[in-house]
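Following: one structure in structure tokens, then a few remarks.
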Amino acid sequence: MAALNSTSQTPGAPLRCISTRGQSSVLISDAIATGLAPDGGLFLPEACPTVQLTGPGESLAQLATALLTPFFAGDRLEAALEGICARAFTFDAPLHWLHDETALLELFHGPTAAFKDFAARFLAETLGCLQAQSGSEAGSGAESGAGSGAVSTVLVATSGDTGAAVAAAFHRRPGFRVVILYPDGRVSARQAHQLGSFGDNVACLKVAGSFDDCQAMVKAAFADASLREPLHLTSANSISLGRLLPQMAYFARAALLCRQQGLPKPTFVVPTGNLGNAFACLMARKAGLPIGEVILATNANRVIPEYLTTGHYQPQPSVATLANAMDVGNPSNAERLRAWFPGREGLRGFSVSDEDIRQTIVETDRRFGVAICPHTACGVEALRRARAEGLTGPAIIAATAHPAKFESIVEPLLHRAVPPPAALAEMLARPSVAEPMAADVEQLKGWLRRGG
Ligand SMILES: *Cc1c(COP(=O)(O)O)cnc(C)c1O
């Protein structure tokens, strides 16, 4: 097969990124290294490149390189992009057709069995490259530029899946150490075990508090320059452009596989919390990929479906649900959605209750013999409702985690065991260690200063 070609409408000039709240622009690698824009907004490409791809490519890595080339053209990461994609995308995102018109896009074949592995690995490779470059070039402006010999500290608060994906991506990577904070007793037993199972350059702190407490502690540490600078604190949360960009690749590849089979543009259904995955799907559509409607499926946290219906964005306190990775009351990427899709065109949203999640898990197993996780169940139910409203044609549901990660919910409903995939089983067999900590910013700061 010939190499995949991609072309951009604006060849030559490197892409600039601007904040959702301002106009000053930076290069894409600086946007990735910085995370949050200095004015508190989120970075987005100044203009979305139009990408023309000749086919789905031979692998996700090849497709990702072709797709992202116009974004990185002229940037200091351009030459490294192919290697970054080859090392980040080492596992596939296969389509599992349930019947003629509906498929699951399985995003859980990475080391921690959830879709966040793709983005975390791309971010780790990217930050690794930038750190190596700033070690050899004097005067680079990258915030993560720790210089040769210095170690960057990736500090993350997690409600479960993000921390594990980030830890796995940076585990044993020279030049980085990872500190994870999670709310003790509020993640699933398997998630907790996974978080503490890394060791080496990964430290795990179980905080006597809520996820919001953990996030507040992390924010306070970042706000303290006397800590941020000497420790080279780096963020890896879902607002980073370095996490959004790679997530376009699996949506693009699935859409191009459909085109190759002569199918009409598929609808995509994306289980949604902070809107990172769904925004990547919308960005792929904006870049010209053959993607039809995008359906945002939330759990009982219904801020996004309400915004799509009414046009009013009204954050709410989050409520706990069975799909805990989507328990978000003020989605961090909503600002990007409103900046790029103010008319909410080609978008629908549905909110799914815990009761409907349970019923959908049972029903999907009964009809298709397939176990799904509670987040994926929100997607399956949202599609059912969209079909009832008249939606026709092929539809692809993002299956965001392996059901074995949520065995305490799924197994009792299905009355059978759901065996974990090999990578997860291996992680669960390792010892797991987490250090207890009070929900106290000063205690975290002291711990970080002492070097853990
Ligand atoms: C993080 C997560 C989501 C939500 O993704 P967002 O990008 O935050 O919208 C959905 N499902 C699972 C399993 C997750 O871990």
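Values below: every heavy atom of this structure, side chains too, minus hydrogens, waters and symmetry copies. Numbering of ligands and ligand atoms starts at 1, following listing order.
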Could you list the atoms of ligand 1 found under 4.0 angstrom from a heavy atom of [X]?
{"X": "T272", "result": "9 (O)"}
{"X": "L275", "result": "6 (P), 8 (O), 9 (O)"}
{"X": "M326", "result": "3 (C), 4 (C), 10 (C)"}
{"X": "G276", "result": "6 (P), 7 (O), 9 (O)"}
{"X": "N277", "result": "7 (O)"}

Please report which non-hydrogen protein atom sits nearest to [atom], along with the residue it belongs to and the distance in Å to one decimal place.
{"atom": "atom 1 (C) of ligand 1", "result": "K116 NZ, 1.4 Å"}
{"atom": "atom 4 (C) of ligand 1", "result": "G273 N, 3.7 Å"}
{"atom": "atom 8 (O) of ligand 1", "result": "N274 N, 2.8 Å"}
{"atom": "atom 12 (C) of ligand 1", "result": "T400 OG1, 3.4 Å"}

Thinking salt bridges, do [X] and [Y] make one under a 4.0 Å N-O criterion?
{"X": "R385", "Y": "E381", "value": "yes"}
{"X": "E389", "Y": "R348", "value": "yes"}
{"X": "E293", "Y": "R285", "value": "no"}

Determine whether the aromatic ring centres of residues H402 and F108 are separated by less than 6.0 angstrom.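 So the answer is yes for these two rings.
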Distance-only check: which donor-acceptor pairs under 3.5 Å involve side-chain atoms of residues 242-253, not counting sequence neighbours?
from: R243; atom 1: NH1; to: A236; atom 2: O; distance (Å): 2.8
from: Q247; atom 1: NE2; to: G276; atom 2: O; distance (Å): 3.2
from: Y250; atom 1: OH; to: N277; atom 2: OD1; distance (Å): 2.7
from: R253; atom 1: NE; to: P56; atom 2: O; distance (Å): 3.0
from: R253; atom 1: NH2; to: G57; atom 2: O; distance (Å): 3.3

Are more than 12 heavy atoms from other residues, nucleotides or ligands located less than 6.0 Å from atom CD of E82?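 No, the 6.0 Å shell around CD holds no more than 12 heavy atoms from other groups.
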Would you say F115 touches ligand 1, if touching means a heavy atom closer than 4.0 Å?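 Heavy atoms of F115 do come under 4.0 Å of ligand 1.
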Residue portion contacting ligand 1 (non-hydrogen atoms closer than 4.0 Å) for D161: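 It is the side chain that gets close, since no backbone atom is under 4.0 Å.
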Angle between ring planes, F118 versus F91, binned at 30° and 60°: parallel, tilted or perpendicular?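 Ring orientation of F118 relative to F91: tilted.
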Cut-off 3.5 Å, no hydrogens considered: what does the side-chain donor-acceptor table look like for residues 159-167, sequence neighbours left out?
from: D161; atom 1: OD1; to: Q191; atom 2: NE2; distance (Å): 3.1
from: D161; atom 1: OD1; to: K405; atom 2: NZ; distance (Å): 2.8

